Every structure is written in structure tokens, then in C-alpha cells.
A.B. asks: 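Mind having a look at this structure? Questions to follow.
Owing to the predicted nature of the structure, the values given are computational and were not obtained by experimental measurement. Along the sequence shown, residues carry numbers from 1. As a basis for the values below, the full set of heavy atoms in this structure was taken, side chains included, without hydrogen atoms, waters or symmetry mates.
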Amino acid sequence: MAENGFLKQAPGFATRAIHVGQEPERWNSYCVVPPLVTSTTFKQEAPAKHRGFEYGRSGNPTRNVLEECLASLEEAKYSLCFSSGLGATTCISSLLSRGDHIICGDDVYGGTNRLFRNVVARMGVELSFIDLQDATNLTQVIKPNTKMVWIETPTNPLLKIFDIAAISKILKEYPDTIFVVDNTFLTPYFQRPLELGADIVMYSLTKYMNGHSDVIMGAAMTSRDDLHERLRFLQNAMGIVPAPFDCYQVNRSLKTLAIRMQQHQKSSLLIAKWLESQSMVDKVIHPGLSSHPQHDLAKKQCYGHSGMLAFFIKGGAAQSSEFLKSLKVFTLAESLGGYESLAELPSVMTHASVPEKQRMELGITDSLVRLSVGLEDVQDLIEDLLQALDAASKVSETKKN
Ligand SMILES: *Cc1c(COP(=O)(O)O)cnc(C)c1O
């Protein structure tokens with residue numbers, strides 16, 4: 001059995017990450033490491049007769065290498081890369097037209113919420129946010145003009161789990177509705193939504209996939225020919241493409257994805273269990289804990305869990321602020337999924353753009369702390385958390401930050 005009872009990963013993932021799309025034979029030099037091609041234009045042998053590349057926006061050899069590798073990790077037919085995760089979201093939401101309706105999970109990345117509410121809705125697309133912990137909630141909101149269902153699972157930052165297969169089963173009755181899963185928190189190493197019935201998987205590659213906090217990039221994978229053709233057209237027509245150097249970096253990072261995710265999983269679970277025993281901690285949220293309300297669903301749907309966890313600190317803004325300021329190994333910063341451990345307060349940082357009423361309904365309070373557990377020695381991380389919790393415990397209950 002896999003760690004902590006999750007689905008067992010079939011062999012082959014790490015091998016594909018290292019070799020697919022990286023064949024030396026495809027280059028004249030037989031180079032083992034795919035080259036960084038920066039040329040924006042490509043010589044044609046005769047007008048409109050070329051060797052697959054014309055202009056860098058519509059195709060680049062370094063980007064192709066990455067896209068092929070990503071498709072194989074997702075076990076998808078196709079993959080496309082974008083200049084950011086939100087660039088991928090912009091492209092995918094451009095599949096919709098005025099008068100269409102999109103149903104979005106209620107607890108998504110703050111920037112996704114902002115894009116849908118302030119940009120996509122302004123283009124005349126109707127928008128509903130719903131809690132899909134019970135997949136049948138969908139049947140109450142879905143309408144004839146619902147053309148897209150968009151979810152994140154586990155959600156951000158509360159790590160609720162939505163049942164991808166159950167949602168997809170309901171959507172079988174609505175063949176015109178495109179089902180998109182933002183899989184940024186788990187990567188294809190721990191969850192593959194296409195095999196559970198999703199039409200498109202979307203990533204912020206900025207996070208675990210690149211994993212070194214030095215590239216902003218996004219991706220969309222699908223096995224549907226029609227969707228791929230439309231997305232590929234939009235990627236070029238809208239010009240939301242990544243730089244070749246960034247593609248080179250992400251391609252390189254994928255070589256260690258499996259081994260990084262294994263360590264993120266080990267360390268985050270250890271820390272989650274340790275936090276559960278601390279008197280300054282009210283509640284720990286981690287899908288690998290048996291206390292997680294959807295622990296069984298997580299085990300049925302995922303191959304494991306990443307370094308993401310959240311917890312409620314005892315007290316309020318004063319305590320969480322003192323805790324975060326006291327951390328020395330964890331860095332107080334937005335983002336996640338890098339080799340370095342990060343901590344943040346979603347209510348005023350990553351999720352500040354979510355309207356307050358929606359934040360309160362979700363439970364994103366000033367005592368909710370989100371951690372992205374990195375690859376440092378776990379004992380150093382625990383000692384750091386311990387001293388910061390201790391500092392927070394000395395703040396008087398009433399003190400405001
Ligand atoms: C960061 C993030 C995004 C947006 O990606 P960018 O690369 O920052 O544009 C989307 N979804 C999730 C879950 C994220 O964490």
C-alpha cells in the first residue's frame with residue numbers, strides 16, 4: 001500500500017519525467033540535455049514550406065519539449081504552456097461566449113476568483129460559486145447555458161476535497177459542459193483528473209511543477225482533439241506564451257518532480273501530526289490526517305498529498321501575526337510548492353481579493369495559517385514552528401497587531 005493508504009502509484013512516472021520528449025536523436029547534435037532555442041523566427045525552404053516552426057509565438061522547440069513531457073506525465077494526449085497559471089485560465093475561459101454560464105468551486109485560488117468575477121463576468125459570462133463537497137449540489141445550479149465547471153481539489157486554502165469522478169458522472173448528462181480541474185496543489189504525481197473524467201487539467205507550473213520559485217508559467221492538458229485545437233488556436237491568437245528560457249527551466253525541474261513530491265508528502269504529514277499535538281493549535285487541515293473529514297475520499301482519488309497544509313492558531317490576528325513574524329526557517333511569503341518552506345495568512349495575503357463576505361462564509365479567518373512545507377530537514381522546520389507558536393502564545397488575548 002502507498003504511504004498512508006492513498007492509491008498506489010504505477011511505476012513509470014519518474015522515467016517519463018526524465019525521458020519523454022528528451023530524445024537526443026531529435027537534435028542534429030544528439031545532445032542529451034534539450035537545448036534552449038531562443039530564435040523567434042525560423043528559415044523556410046520555400047514560401048510557406050517549413051520544418052514545423054515558423055514564428056516563436058506559434059511554436060518553439062524548447063517549449064515543445066516541455067509540452068510533450070507534461071502531456072506524458074498527465075497521461076494526456078496534449079499539453080499547452082502559457083505565460084502564467086492565470087494565462088492558462090484566461091485562455092481556457094476564452095472558450096466561453098457571452099451568455100454562457102460558468103460554475104466555479106467556492107474555494108479557489110484568489111486570482112482565479114478575481115479573474116472570473118472582474119474580467120470573465122464583465123465579458124457577459126454568468127458566474128456561480130458553489131460548494132461541491134456534495135457533488136449533487138451541481139444539479140441545483142446547472143442550467144442549459146452552463147458551459148463550464150471549474151474546480152480545485154484540494155481547495156485553496158481550506159483543503160476541502162471534491163469528488164472528481166462523481167462530478168464528472170453528473171456532467172455526462174451535459175455533454176456541452178467542459179469540466180476543468182486546477183490540479184496545481186497535487187501535480188500529476190499525486191492526482192490525475194483526466195483519468196477521473198475531467199476534460200481539461202490546468203496548472204500553475206509556478207508552484208510544484210517548477211518547484212524552485214523562479215519561474216511563472218501555466219499549462220493546460222486535455223485528451224480531447226476538439227478542445228486542444230481550440231486552446232492551441234487561442235494560445236497563439238491571444239499571445240499568452242511563455243519564454244523559451246522559462247520552458248527550459250521547468251523542463252529541467254520535472255526531472256526531480258517525483259522525488260520532490262515524495263519528500264513534500266513525508267514532511268507535511270509529519271508536521272501536520274505534530275501540529276495536532278500542540279496546545280496553541282486549534283485545528284489542523286491535511287487530507288492525509290484521519291481527522292480530515294474527507295480523508296477516505298482523498299485516499300480513493302489521490303496517489304498522495306503534497307506539502308500543503310493549513311491550521312487555525314488559537315487567538316486571532318494578533319497571534320497569527322506574531323507567529324508568522326517569528327518564523328526563521330519558514331519564509332513569510334505568498335506562493336507555494338517550492339523547495340523552501342513558506343507560511344502565510346490567506347485572509348490578508350493570497351485571498352485578500354476574495355470579497356470579505358465570501359471569505360467569512362468559507363472560514364478564511366485571521367487565525368487560519370497556510371503552510372507550504374518545503375524540502376529542508378523536517379526537524380529544523382518543527383523546531384522553527386515550535387518557537388514561533390511559543391512566541392504567539394505570549395501575546396495577550398486582547399492585543400491587536
Ligand atoms: C498560483 C496559482 C494559480 C495562478 O498561477 P500563476 O502562475 O500565479 O498565474 C492558479 N491556481 C492555483 C491553485 C495557484 O496556486
A.B. asks: Could you pull out the closest heavy-atom pair between His305 and Phe190, with the gap in Å?
C.D. replies: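 The answer is O-CE1, 3.3 Å.
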A.B. asks: In terms of the angle between their ring planes, are Phe53 and Phe42 parallel, tilted or perpendicular, with boundaries placed at 30° and 60°?
C.D. replies: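 Because their plane-to-plane angle lies in the 30° to 60° range, the rings of Phe53 and Phe42 count as tilted.
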A.B. asks: Would you please say whether a donor-acceptor pair under 3.5 Å links the side chains of Gln379 and Asp377?
C.D. replies: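 Side chains of Gln379 and Asp377: no pair found under 3.5 Å.
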A.B. asks: Between His212 and Tyr339, is the gap from one ring center to the other below 6.0 Å?
C.D. replies: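 That pair passes the under 6.0 Å test.
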A.B. asks: Mind checking the CD1-CG spacing from Ile164 to Leu194? Nearest 0.5 Å is all I need.
C.D. replies: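 Here the interatomic distance stands at 9.5 Å.
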A.B. asks: State plainly whether the residues Glu67 and Arg232 are in salt-bridge range, i.e. N to O under 4.0 Å.
C.D. replies: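 The answer is no: the pair does not qualify as a salt bridge.
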A.B. asks: Contact between Leu368 and Leu158 at the side-chain level, heavy atoms closer than 4.5 Å - yes or no?
C.D. replies: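 Contact flag for Leu368/Leu158 side chains = yes.
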A.B. asks: Could you tell me the separation between the CZ atom of Arg63 and the CZ atom of Phe82, rounded to the nearest 0.5 Å?
C.D. replies: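 Those atoms lie 9.0 Å apart.
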A.B. asks: Give a yes-or-no answer on whether the side chains of Ser79 and Glu74 include a donor-acceptor pair shorter than 3.5 Å.
C.D. replies: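 Checked: Ser79/Glu74 side chains show no N/O donor-acceptor pair below 3.5 Å.
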A.B. asks: Under a 4.5 Å cut-off applied to non-hydrogen side-chain atoms, are Met217 and Asn210 in contact?
C.D. replies: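 They are not in side-chain contact.
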A.B. asks: Does a sphere of radius 6.0 Å around NZ in Lys169 hold more than 12 heavy atoms from other residues, nucleotides or ligands, not counting ones at 6.0 Å or beyond?
C.D. replies: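 No, not enclosed.
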A.B. asks: With side chains defined as the heavy atoms from C-beta onward, is the minimum distance between Met261 and Gln265 less than 4.5 Å?
C.D. replies: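 Counting from C-beta outward, Met261 and Gln265 never come under 4.5 Å.
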A.B. asks: How long is the span from the CZ atom in Arg122 to the CZ atom in Phe116, to the nearest 0.5 Å?
C.D. replies: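 These two atoms lie 15.0 Å from each other.
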A.B. asks: Would you please name every residue forming a side chain to side chain contact (heavy atoms under 4.5 Å, CB included) with Ala14, sequence neighbours left out?
C.D. replies: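 Ala258.
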A.B. asks: Please report the closest heavy-atom contact between Gly197 and Ser168, naming both atoms and the distance.
C.D. replies: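 Answer, listing the atom of Gly197 first, then Ser168: CA-OG, 3.4 Å.
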A.B. asks: Considering only heavy atoms from C-beta outward, does the side chain of Leu96 approach that of Met123 to under 4.5 Å?
C.D. replies: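 Not in contact.
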A.B. asks: Just so I know, are the side chains of Thr222 and Lys77 near enough to count as touching, which here means a heavy-atom distance under 4.5 Å?
C.D. replies: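 Contact flag for Thr222/Lys77 side chains = no.
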A.B. asks: With heavy-atom distances below 4.5 Å as the criterion, would you say the side chains of Thr153 and Phe185 are in contact?
C.D. replies: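 No, every pair of side-chain atoms sits at 4.5 Å or beyond.
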A.B. asks: Only counting residues at least two apart or in another chain, list the ones meeting salt bridge (Lys or Arg N to Asp or Glu O under 4.0 Å) with Lys172.
C.D. replies: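 If we apply the salt bridge (Lys or Arg N to Asp or Glu O under 4.0 Å) test to Lys172, skipping adjacent residues, there are no hits.
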A.B. asks: Residues two or more places apart in sequence or in another chain: which of them pass salt bridge (Lys or Arg N to Asp or Glu O under 4.0 Å) with Asp134?
C.D. replies: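 For Asp134 there are no salt bridge (Lys or Arg N to Asp or Glu O under 4.0 Å) partners, ignoring immediate neighbours.
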A.B. asks: Would you please name every residue forming a side chain to side chain donor-acceptor pair (under 3.5 Å) with Asp390, sequence neighbours left out?
C.D. replies: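 Testing Asp390 for side chain to side chain donor-acceptor pair (under 3.5 Å), a comparison that skips the adjacent residues, returns Lys394.
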A.B. asks: Are a donor atom and an acceptor atom from the side chains of Glu344 and Thr350 found within less than 3.5 Å of each other?
C.D. replies: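 Short answer, yes.
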A.B. asks: Are any of the side-chain heavy atoms of Leu362 and Arg359 separated by less than 4.5 Å?
C.D. replies: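 Not touching, per the 4.5 Å side-chain cut-off.
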A.B. asks: Please enumerate all residues that pass side chain to side chain donor-acceptor pair (under 3.5 Å) together with Ser353, with sequence neighbours excluded.
C.D. replies: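 Checked Ser353 against side chain to side chain donor-acceptor pair (under 3.5 Å); zero matches.
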A.B. asks: For atom OH of Tyr248, decide whether the heavy atoms of other residues, nucleotides or ligands shown that lie under 6.0 angstrom number more than 12.
C.D. replies: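 No, not enclosed.
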A.B. asks: Can you tell if the side chain of Pro244 reaches within under 4.5 Å of the side chain of Leu36, non-hydrogen atoms only?
C.D. replies: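 Yes, at least one pair of side-chain atoms sits under 4.5 Å.
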A.B. asks: Inspect the surroundings of CD in Glu45 and state if more than 12 heavy atoms from other residues, nucleotides or ligands are less than 6.0 Å away.
C.D. replies: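 Atom CD in Glu45 is packed in, count exceeds 12.
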A.B. asks: Does Tyr109 have any ring pair (Phe, Tyr, Trp, His ring centres under 6.0 Å) partners at least two apart in sequence or in another chain, and if so, which?
C.D. replies: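 Partners of Tyr109 by the ring pair (Phe, Tyr, Trp, His ring centres under 6.0 Å) criterion come out as none, since no residue qualifies.
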